[in-house]
Amino acid sequence: MNPSVDRIKTRFPTAFVRAEVIWGETTVYLRTESVLDVVKYLHDDESERYDYLSDVTAVEYRDLELPLQVVWHLRSLPYRRFLRLKAEIAKGDPLKVPSVMPVYSGADWLERECFDMFGIQFDGHPDLRRILMWEQYAEGYPLRKDFPLRGRFSRSEQLRQALAAQPESRYSMTELTIADAFEDLPLEMRQRLAGGEKTGE
Amino acid sequence: MEKGGAPVGLTARPDHQLVTVSPQSQEGWVATRLDFLVNWGRANSLWPMPFGTACCAIEFMATAASKYDLARFGMERMSFSPRQADVLICAGRVPFKLAPVIRRIWQQMLQPKWCISMGACASTGGMFDNYAVVQGIDTIIPVDVYVPGCPPRPEGLIYGIMMLQEKVKRERMSDERLRDEMEPDPTSKLYIPPHAIDELSEPFGNSVHQTRSGL
């Protein structure tokens, strides 16, 4: 078992639910609300140094009490360790978990994908929008078990809505403001960005 | 040249006859239909706009490469700008998110223009009978030639191209509606009525058992 488990258990007794080892990989189950604290500790502490977040995703099981799990895959490059964190969301609870964006900025698109496919709200994510489906997509969250394979609308309605989508408008200005090229933009455009303008082109 | 040896080099063939003409006799006439001439030129210099989204694009690249050599059909000039292209070759599956993109590419192409739908996914949605994939690009843009296969081999694509060349050669200028741009319905932005799209994208095979009813 990954040695980090015992340290999580002693440091965060309330957050820790259980741990298991499957095929040599350790999974730690945490309470939903304390995920960010644990991740922060795992990232910052000298004896942990999980400096790479390789994935954020979710799984839906046909479980009546705890259908949804949100999964974080952490990797420590200095110690060559892998740790999987999971938070179970009980049926009926709001699909809300803390965002780990304050710790790993690479979580941005991973969390957006997870939101797009499962509808999980990442609390604290600055720009939580759909990423794979277009922004106006209205049929729901495709990877959920109650989502029909062909979608909810008829093919003609799906096509009509897809053609009505504006391909350019999905680039957020927030993405442009953090881009390297920001300094090269014309002054007027930079001012519009600073004013919080959302649509492009 | 040695007696009995293979004829090599620049030696003239024995039956070689030099044709001598006077410049005055070069003035001649060729009479043909203008649209025959135009179509002949068009059919043999189609410039494709490759719209490759999946493995079909790999086969398309193989078609353009030296072994199959698309240049033999006058198509060696890939036009990555729709404004200088004649044929849109849609190779691969088109998700709904790409639907407005391919529609705009088609609208940006100048007349005369044609479209080849390459492979099962572009033609029908193929195995991707799901929420994300367009069930045939003919629901978005008009298609001239469908090339079946998953993916089609280069021979298949070349056969489709030759079919398109045949089609181009049979076009008549007297057909006034030949170059009419198809205008989509202003409200729904669809070329064909919704019930026809639903009918075109009816599930078939094993997938009919997967209903829309949820679980």
Side-chain angles (χ1 to χ4, degrees), chain A residues 57-65 67-68 91-92 109 112-119 129-172 175 199-201, chain B residues 51 82 93-108 124-141 182-215:
Chain A
T57 184
V59 195
E60 184 167 5
Y61 295 98
R62 292 198 188 275
D63 189 301
L64 292 179
E65 280 90 41
L68 262 169
K91 196 170 183 67
W109 284 11
R112 274 177 65 186
E113 183 182 349
C114 192
F115 162 72
D116 189 2
M117 291 289 123
F118 289 93
R129 293 173 296 129
R130 287 190 181 273
I131 185 169
L132 297 178
M133 310 309 287
W134 59 99
E135 273 188 64
Q136 298 85 5
Y137 187 69
E139 293 182 58
Y141 302 104
L143 288 192
R144 293 260 280 275
K145 289 284 186 220
D146 59 355
F147 189 90
L149 177 63
R150 295 199 178 91
R152 294 209 161 82
F153 304 153
S154 71
R155 286 297 185 199
S156 52
E157 177 62 15
Q158 285 174 339
L159 197 63
R160 193 189 65 73
Q161 293 197 1
L163 287 174
Q166 292 294 323
E168 285 89 0
S169 71
R170 72 170 189 275
Y171 300 109
S172 94
E175 276 164 31
T199 47
E201 305 255 316
Chain B
F51 190 82
R93 66 192 88 93
V94 177
F96 280 116
K97 202 172 175 179
L98 267 185
V101 177
I102 194 172
R103 163 69 66 84
R104 181 166 304 177
I105 287 175
W106 177 252
Q107 287 172 341
Q108 282 175 342
T124 67
M127 59 187 271
F128 300 98
D129 188 9
N130 60 22
Y131 64 94
V133 176
V134 173
Q135 301 299 297
I137 58 164
D138 47 5
T139 55
I140 317 171
I141 54 176
M182 273 176 81
E183 289 298 331
D185 183 66
T187 50
S188 69
K189 301 266 185 277
L190 299 171
Y191 284 126
I192 43 184
H195 67 86
I197 290 177
D198 287 338
E199 204 176 318
L200 276 176
S201 39
E202 273 284 298
F204 57 91
N206 288 333
S207 59
V208 288
H209 301 301
Q210 298 154 358
T211 60
R212 282 179 186 278
S213 58
L215 292 168

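Quantities reported herein were computed from a predicted structural model and do not represent experimental measurements. Per chain, numbering begins at 1; letters A, B, ... match sequence-line order.
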Next item on the list: Please round to the nearest 0.5 Å and tell me the distance separating atom CG of B/Asp129 and atom CZ of A/Arg155.
Entry: 5.5 Å
Margin query: Looking at every heavy atom in both B/Ile140 and A/Leu163, which two are closest together, and how far apart are they?
Written below: CG2-CD2, 4.0 Å
Next item on the list: First locate atom CZ of B/Phe96, then atom CE of A/Met133, and finally report the distance between them rounded to the nearest 0.5 Å.
Entry: 8.5 Å
Checklist line | Distance (rounded to the nearest 0.5 Å) between B/Lys189 NZ and A/Leu159 CG | finding: 13.0 Å
Note to self: How close do A/Met117 and B/Tyr131 get, counting heavy atoms only, and between which atoms?
What the structure shows: SD-OH, 4.1 Å
Margin query: Which heavy atom of B/Asp198 sits nearest to which heavy atom of A/Ser156, and what is that distance?
Written below: OD1-N, 3.0 Å
Next item on the list: Could you tell me the separation between the NZ atom of B/Lys97 and the CZ atom of A/Arg130, rounded to the nearest 0.5 Å?
Entry: 10.0 Å
Check: Can you tell me how far the CG atom of B/Leu190 sits from the CZ atom of A/Arg160, to the nearest 0.5 Å?
Finding: 8.0 Å
Note to self: Minimum heavy-atom separation for A/Ala162 and B/Ala99, please, with both atom names.
What the structure shows: CB-CB, 4.4 Å
Item checked: Heavy atoms of other groups near B/Glu199 CD, more than 12 under 6.0 Å -> no
